S.K.: 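If you scroll down you'll find the structure; I have some questions about it.
Here the structure is a predicted model, which means the values were calculated and not measured.
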Amino acid sequence: MSRQPIWTGVYPAVTTKFTAEGALDIPAFMHNIRAQVEAGAQGIIIGGSLGESSTITHEERLILLAAVLDEYGEQVDVILNVAEGSTARAIELTQKAEAAGAHGIMLLPPMMYKPTDDEVAQFFLDVARATQLSILVYNNPVDYKIEITLDIFEQLAHTPNIAAVKESTRLTSNVIRMRNRFGDRFKILCGVDTIALEELALGADGWVAGLVCAFPKETVALYRYVKAGRHAEARALYQWFMPLLELDVSPQLVQNIKLVEAFTGLGNENVRPPRRPLQGAERERVIAIIEAALQQRPGIGEL
């Protein structure tokens, strides 16, 4: 049995690094992963929305997975994102990830189709039954137009390896609704940077973070401050962080965060078409946010 994810702590949804020609840039990718591990991240999520899932192949995902497993597989939970339009393709990638040594998957509902609630439930059950990997269900009706309702979770609750949810409904109260309905059956991870403090304070177990890609120490510190009851320090850090965190809740979150990574020395701006790096007034607006944050960047004390 491979390492089992604990689904508690900070899980960076890392960006995928490319060369100027659009090929995978493994040295740049691993430079960022190293910073995440050294800062205290509990796991790494590869090939998510922020990882440009729509433009990387299955083979490329597995190359990235192997690189992280090879260097850090004994230290952190290594998770592969699975976002597919068919059950068969989702199972295929999940089984390849399992064979490659992944510790778990993050699983989105069927893409490019608006399924019924029963179809959503059956999709998750079919994938779960085809693997022994632990599964983080991604609930993001804002961006993907499919809500994984409490009643759907009721259908999933009897399948042990459906272990956790990335809570991205934008409703902080959903943390309490899940706890009221299921107790501790599912681990709950906040999936939206701008409500992380609130959801962690309400009892979320972890945080699938975005700006962590550029600010790993600050992200882990915020998580630990909240969980340690160090509320004044958490609020102060969150107040400084918020203009940056708001860059995560945008259709251009990839370009935004890659620009921030470039400023903090943890990445570059290279993206794959149809994405393009930020340009013009919007680029200048984001740079102003970054520069202001860097000028006021707080020191992180003992955690």
Side-chain angles (χ1 to χ4, degrees), residues 10-33 35-36 39 44-57 60-61 64 81 83 108 111 138 140 142-145 166 168 170 190-196 207-219 222 237-298:
V10 173
Y11 284 72
V14 293
T15 57
T16 301
K17 307 298 188 294
F18 302 116
T19 65
E21 295 72 33
L24 292 182
D25 188 338
I26 298 300
F29 180 72
M30 292 307 298
H31 173 64
N32 189 285
I33 298 297
Q36 306 303 326
I44 301 293
I45 297 179
I46 297 165
S49 305
L50 189 50
E52 295 178 68
S53 176
S54 60
T55 64
I56 59 174
T57 66
E60 288 173 325
R61 294 167 200 267
L64 296 169
N81 181 60
L108 276 73
M111 307 297 288
Y138 188 0
N140 186 349
V142 175
D143 293 322
Y144 298 117
K145 313 308 177 187
K166 180 183 175 183
S168 298
R170 307 325 197 248
C190 177
V192 182
D193 278 359
T194 53
I195 54 174
W207 179 6
V208 177
L211 266 297
V212 68
C213 295
F215 290 96
K217 291 181 181 178
E218 289 83 353
T219 305
L222 181 57
L237 182 55
Y238 199 45
Q239 184 173 347
W240 165 81
F241 218 168
M242 185 57 68
L244 292 163
L245 298 180
E246 288 176 334
L247 299 175
D248 183 56
V249 287
S250 161
Q252 286 72 48
L253 78 163
V254 173
Q255 294 96 317
N256 288 343
I257 291 174
K258 282 193 164 183
L259 181 55
V260 186
E261 286 179 316
F263 269 79
T264 60
L266 291 179
N268 59 57
E269 290 187 74
N270 298 330
V271 291
R272 277 187 175 168
R275 286 185 179 88
R276 300 169 64 196
L278 295 179
Q279 299 177 35
E282 181 61 13
R283 177 182 174 83
E284 294 308 312
R285 184 187 74 85
V286 174
I287 287 174
I289 292 170
I290 298 167
E291 290 179 338
L294 289 174
Q295 288 172 6
Q296 301 166 27
R297 190 173 190 175

S.K.: For Leu247, run the side-chain contact (heavy atoms from CB on, under 4.5 Å) check against Thr194, Asn256, Leu253 and tell me which one passes.
M.R.: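 Only one option passes, and that is Asn256.
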
S.K.: Measure from NZ or CZ of Lys17 to the centre of the six-membered ring of Phe29 and say whether it is under 6.0 Å with the direction within 45° of the ring axis.
M.R.: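 Cation-pi check for Lys17 and Phe29: fails.
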
S.K.: For the atom pair CD1 (Ile290) and CD (Glu261), what is the distance rounded to the nearest 0.5 Å?
M.R.: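 Separation between the atoms: 10.5 Å.
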
S.K.: With sequence neighbours left out, write down each residue that passes side chain to side chain contact (heavy atoms under 4.5 Å, CB included) with Ala83, or none if nothing qualifies.
M.R.: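 Side chain to side chain contact (heavy atoms under 4.5 Å, CB included) check on Ala83 returns Ser53, Asn81, Leu108, Met111.
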
S.K.: Do Leu50 and Val14 have side chains that approach each other closer than 4.5 Å (heavy atoms only, starting at C-beta)?
M.R.: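 Side-chain contact under 4.5 Å: no.
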
S.K.: Nearest 0.5 angstrom please: Phe215 CZ to Leu237 CG, how far?
M.R.: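 Result: 10.5 Å between the selected atoms.
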
S.K.: For side-chain contact (heavy atoms from CB on, under 4.5 Å), just list the numbers for Leu266 and Val260, CA-CA rounded to whole Å, side-chain angles, deciding distance to a tenth of an Å, and then say yes or no.
M.R.: CA-CA 9 Å; Leu266 291 179; Val260 186; over 6 Å; no

S.K.: For residues Arg61 and Gly47, report the shortest heavy-atom separation together with the two atoms involved.
M.R.: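 Scanning both residues completely, I find the closest heavy atoms to be NH1-O, 3.2 Å.
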
S.K.: Is any side-chain heavy atom of Val212 less than 4.5 Å from a side-chain heavy atom of Trp207?
M.R.: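 The answer is no; the side chains never approach within 4.5 Å.
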
S.K.: Using the ring-ring contact (aromatic ring centres under 6.0 Å, His included) criterion, which residues pair with Tyr238? Sequence neighbours excluded.
M.R.: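 Checked Tyr238 against ring-ring contact (aromatic ring centres under 6.0 Å, His included); zero matches.
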
S.K.: Between Asn32 (side chain only) and Cys213 (backbone N and O only), is there a donor and an acceptor less than 3.5 Å apart?
M.R.: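 Between the backbone of Cys213 and the side chain of Asn32 there is a qualifying donor-acceptor contact (under 3.5 Å).
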
S.K.: Return the minimal non-hydrogen interatomic distance between Ala209 and Thr219, and the atom names on each side.
M.R.: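 Heavy-atom minimum between the residues: CB-CG2, 3.8 Å.
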
S.K.: Mind checking what makes salt bridge (Lys or Arg N to Asp or Glu O under 4.0 Å) contact with Glu282, not counting sequence neighbours?
M.R.: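 Once residues adjacent in sequence are excluded, the partners of Glu282 under the salt bridge (Lys or Arg N to Asp or Glu O under 4.0 Å) criterion are Arg285.
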
S.K.: For a quick test of reading the model, state the closest non-hydrogen atom pair linking Ile287 to Phe263 and the distance between them.
M.R.: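 Here Ile287 and Phe263 meet closest at CG2-CZ, 3.8 Å.
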
S.K.: Which residues pass the side-chain hydrogen bond (donor to acceptor under 3.5 Å, both in side chains) test with Thr16, sequence neighbours left out?
M.R.: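 None.
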
S.K.: Judged by atom type as modelled, is there a donor-acceptor pair below 3.5 Å linking the side chain of Asp193 to the main-chain atoms of Leu211?
M.R.: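 Yes: the side chain of Asp193 pairs with the backbone of Leu211.
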
S.K.: Can you measure from CD (Glu218) to CG (Leu245) and round to the nearest 0.5 angstrom?
M.R.: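 Here the rounded value is 10.5 Å.
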
S.K.: Considering all heavy atoms of both residues, which atom of Trp240 and which atom of Ala293 are nearest to each other, and what is their separation?
M.R.: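 Shortest heavy-atom separation between Trp240 and Ala293 comes out as NE1-O, 3.0 Å.
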
S.K.: Under the salt bridge (Lys or Arg N to Asp or Glu O under 4.0 Å) rule, what pairs show up with a residue in residues 237-259, not counting sequence neighbours?
M.R.: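 Matches after skipping sequence neighbours: Glu52-Lys258.
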
S.K.: Would you sort out whether Tyr11 and Ile44 count as a side-chain contact (heavy atoms from CB on, under 4.5 Å), showing the intermediate values?
M.R.: CA-CA 5 Å; Tyr11 284 72; Ile44 301 293; over 6 Å; no

S.K.: What's the shortest heavy-atom distance between Thr19 and Asp25, and which atoms?
M.R.: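 Closest approach of Thr19 to Asp25: N-CB, 3.9 Å.
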
S.K.: Under the side chain to side chain donor-acceptor pair (under 3.5 Å) rule, what pairs show up with a residue in residues 266-281, not counting sequence neighbours?
M.R.: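 The answer is Glu60-Arg272, Asn268-Asn270, Glu269-Arg283, Arg276-Gln279.
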
S.K.: Which heavy atom of Asn140 sits nearest to which heavy atom of Arg170, and what is that distance?
M.R.: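 It is OD1-NH1, 3.3 Å.
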
